[in-house]
Amino acid sequence: MALDENIYNLRREKLRQIEALGQPIYRSKYDFTHTIPQILEQYSGKSAEELESSRVNVRVTGRIMAIRLMGKAGFAHLQQGGQRLQFYVKKDAVGDQGFELYRLLDLGDHVGVSGYLFRTRTGELTVHVEEITFLSKDLLPLPEKWHGLTDVELRYRQRYVDLVMNPEVREVFLKRTKLVQSVRRTLDAQGFIEVETPMMQPIAGGAVARPFVTHHNTLDMDLYLRVAPELYLKRLLVGGFDRVYEINRNFRNEGLGWRWNPEFTMLEFYQAYTDYQGVMNVTQEVITEAAKAVTGGTKSKWTVTENGKEIVQELDWANWQKMTMREAIIKFWPEKAGVKPQLKDFASEVIVRSMVGQLQNSGAKFAYDLAKPVGATIAALFEAVAEEHLMQPTIIYEFPTAVSPLSKQKPDEPEWTERFEIFAGQMEISNGFSELNDPEDQRRRFEAQLKERERGDEEAHQMDEDYIRALSYGMPPAGGVGVGIDRLCMLLTDSHTIRDVILFPLLRPEKNSSGGDENEAQDVK
RNA sequence: GGGCGCGUAGCUCAAUUGGCAGAGCAACUGACUCUUAAUCAGUAGGUUGAAGGUUCGAUUCCUUCCGCGCUCACCA
C-alpha cells in the first residue's frame, strides 16, 4: 500500500474538525492580491520602518512547507511559484477560531492568508496574519523536509511531489518552456508558419525506426504512431507552404536510455528554395537563440564524469565547429588503430573494409554489418571513432547516401548527400539535409530500403506511394531539419538523463500491491 | 536481453564475523505569543521487496522471483 493509512486517516479527521470550525473544505476560490513571487519582488527591498509607516495589506495563497507552533502563536512558510514567504499567526490577531484552524494545519496544506507585511526581529519579510482561510488538505505526508525526495523512481512516478519538493526540478522545466518559446519566436520571425500534421499515420515514414502500432476500429485499419512528421511537412512544401515547422512528439518503439525515451519532442522545419547550407544557418540561429533564452548567454555548463572525477565543461553555443563526416573520421582516428585514413580512401570499398579491420584489431568496440552497403559501414566508423569526441557544438556534414534515403545527393559525389548533423555533449541533437525532390530517385531509394527490409531490417523505410505522388506534382528545392528538443534541453540545463527534461517519462507500470504477487508477475511478463 | 549494484518506518539513512531492527525528520500527546533544520518532555510507527534454503539463530550467507539504478547491446 503506497498510502500511509494512519496519517491519511488522522488528516481526514482534522479535515472534519476544520469543517466543524465553519471553514468550507475544498472551497472553490480565493481572491488574492499578490503572488508570493510578486511580494518578494516588490517588498524585499523595504525596511521594517518603511513597511510599518505605510501598512501593506496583502492576501496570498500557498502550500505550507514549514510550520512552527509556539503555544499561542506560530510561524509557517507558504510556497508558491517555487518561492517561499513566511507568515506569522498570533492568537490575539486571528481569534480563537482562527488559531484553532492554524493548530489543525499540516505540512502540505493549501491556505490563504490575509494581513499586513512586516519584518521579524531577524529581519525576515513576513505576513502578519489577521485572517486565515483553509483552501485544501494534504492527506498524504510530504517527504522529509531537508533531504527532500531523492528516490529517482518516486521522483519520476510522482513528479507532482518532485516538483513540490525540488525547486531545481521546477527550474529545469521552466527553462524547457523558455527554450520552446524561443524556438517558436526565432522561426516565426523568419516567416515560418507552425503546423500540425498527423501523429497517426498509415505508413510510418520520415525516419528509420520501429514504430508503435495502433488500430482504428471504424475503418478497421492499423495505424502507426509517427516516427517523424517529415513526409507530411514536405507534402506541405508541395502545397505551397514555403516555410513550415512543427514542434511535437515522435514515437519510436525502441530501447530506453539516458538519451532515449519512446516519445520525444522534435522540432522539424522546412524552407523552400534553399539547401542544407541554408537551413544549417537557420538551425544554428535557432539553437544559439534558445541557449540565450535559457542561460542568458551563449554558454552552458556541461558536467562530465571521467574516471570518477567531475569535470565541468563549458559548451559555447555561438562558436560552431564544422567538418565533414570523412574529416571527422580522419581527425579522431585512434592512434592505436594505425595509420590514419586519407580522404580518397573512402571511395574504395576495399580500403573502407580494411579500416574496419584496423579498428577492430585495435580493440575498439565497433558494431557493423558488412552485408550492408559501404556507406553504412562508413557511418558506423564515424559513430565508433568520432561521436564520443564531439563535445562542443559541432556540425558534421556530408553523409553517405546509403544511410540517407531522403536526402539529395552531392552533384559531384553521388555516394554522398547534402546532409548534416549537429552534435554536442556526445549527443546527436539535429539532423538536416537538402531534400530529395526527384520522385523517381525517391522511388529508387525506397526500393533500396525495401530490399533492406526483405533482408530482415525491420527499421528500413517503407514504400510511401502517396509521398511519391506528391513529389510528382513538383516539390520546390528545399532544406529541412529536425532538432531534438529534449536533448537540446538536456544540454542547456546540464541534465544527464532525458527523464530529467520530460515531465512524465515512460516507466514500467506501477504495481498496485507490494511484493511479488505471482499473478501480477505473470502479467508483467 | 547481458553484466554490475541496490531494495530496512511516510521520507533520508544506520545496524560489528550471522546474535534483542535503530536515529533524524514527518506523525501523535503535552509545554511555549518573534520562530525559521524552532526548542523541551513523552508516545506510536517494521512480515527488513517476495518466496524458499543453510543455521540454535538471517537485515546480514545461498537460490529463485519482483522492482529500481548504472552499464553494454538495440536505437542511422
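The sequence lines fix the lettering, A, B, ..., with proteins before strands; numbering per chain opens at 1.
- Using a 4.0 Å heavy-atom distance criterion, A:Val152 is classed as a sugar-phosphate-only contact.
- Note that A:Arg326 lies in the cation-pi zone of A:Trp416, set by a 6.0 Å cut-off to the ring centre and a 45° limit from the axis.
- Using N1 to N3 plus N6-O4 or O6-N4 for Watson-Crick, or N1-O2 and O6-N3 for G-U wobble, each under 3.5 Å, B:G69 pairs with B:C4.
- Aromatic ring centroids of A:Phe75 and A:Tyr102 lie 6.0 Å or more apart.
- Pair assignment for B:U48: none, as no Watson-Crick or G-U wobble contacts are both less than 3.5 Å.
- Looking at heavy-atom distances under 4.0 Å, A:Arg419 makes contact with a base.
- Ion pairing between a basic and an acidic side chain is recognised when a charged N comes within 4.0 Å of a carboxylate O; A:Glu418 and A:Lys408 show no such pairing.
- For the pair A:Arg419 and A:Phe399, the cation-pi test (distance below 6.0 Å, angle within 45°) is passed.
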Expected rows: protein N/O vs nucleotides 33-35 of chain B N/O, under 3.5 Å:
unit_1	atom_1	unit_2	atom_2	d
B:U33	OP2	A:Lys72	N	3.3
B:U33	N3	A:Asp92	OD2	3.1
B:U33	O4	A:Asp92	OD1	2.4
B:U33	O4	A:Asp92	OD2	3.1
B:C34	O2'	A:Arg121	NE	3.4
B:C34	O2'	A:Arg121	NH1	2.8
B:C34	O2	A:Arg121	N	2.8
B:U35	O2'	A:Arg68	NE	3.1
B:U35	O2	A:Arg68	NE	2.8
B:U35	O2	A:Arg68	NH2	2.8
B:U35	O2	A:Gln86	OE1	3.1
B:U35	N3	A:Gln86	OE1	2.9
B:U35	N3	A:Gln86	NE2	3.1
B:U35	O4	A:Gln86	NE2	3.0
B:U35	O4	A:Thr120	OG1	2.8

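- A:Lys234 places a side-chain heavy atom less than 4.5 Å from the side chain of A:Tyr467.
- Residue contacts for A:Leu69: at a heavy-atom cut-off of 4.0 Å it reaches a base atom on one of the strands shown.
- A:Gly257 comes within 4.0 angstrom of nothing in the nucleic acid, heavy atoms only.
- Relative to the side chain of A:Arg499, the nucleotides B:A27, B:U71, B:G69 differ in distance, and B:G69 lies closest.
- A straight line from CZ of A:Arg157 to P of B:G7 spans 18 Å, rounded to a whole angstrom.
- Of the residues in residues 11-20 of chain A, A:Arg11, A:Lys14 come within less than 4.0 Å of RNA chain B through at least one heavy atom, sorted by number.
- If you take CE of A:Met65 and P of B:C11, they are 16 Å apart, rounded to a whole angstrom.
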